[in-house]
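In what follows, a single structure is set out as structure tokens and then discussed.
Numbers here are sequence positions counted from 1.
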Amino acid sequence: MFAVVVGPAENVTEKRDQLAPVARVVTEEQGGAVAAALGVKGYPAFALLDSSGSVRAAGTMVQDVSMASAGAA
């Protein structure tokens, strides 16, 4: 799992620490490079990446990516 926590590092420490045991976590400021590369338009945001790292589905609800995942089976 991959997570992006957005905000000043000193303000998102708790969120980053909660996610760290289950995800690779990137912390960046609003409008950062990772969020821009994933096409994030709002928060929370979810994305489903394929094995090559291309975005297969994205949205602001888990269902946006879970439906795409189910369709890939």
**Prompt:** In terms of hydrophobic clusters joined by side-chain contacts under 4.5 Å, are Leu49 and Val25 together?
**Reply:** no
**Request:** Please identify each residue that fulfils side chain to side chain contact (heavy atoms under 4.5 Å, CB included) with Val12, with sequence neighbours left out.
**Result:** Val5, Thr27
**Complete:** When every non-hydrogen atom of Ala9 is compared with those of Thr13, the smallest separation belongs to O-OG1, 3.0 Å
**Request:** Name all residues meeting the side chain to side chain contact (heavy atoms under 4.5 Å, CB included) criterion together with Ser51; count only those two or more places apart in sequence or in a different chain, and write none if there are none.
**Result:** none
**Message:** My understanding is that only residues two or more places apart in sequence, or in another chain, count here; which of them pass side chain to side chain contact (heavy atoms under 4.5 Å, CB included) with Gln30?
**Reply:** Val6, Tyr43
**Request:** Look only at the side chain of Glu28 and the backbone of Val4, and say whether a donor-acceptor pair between them is shorter than 3.5 Å.
**Result:** no
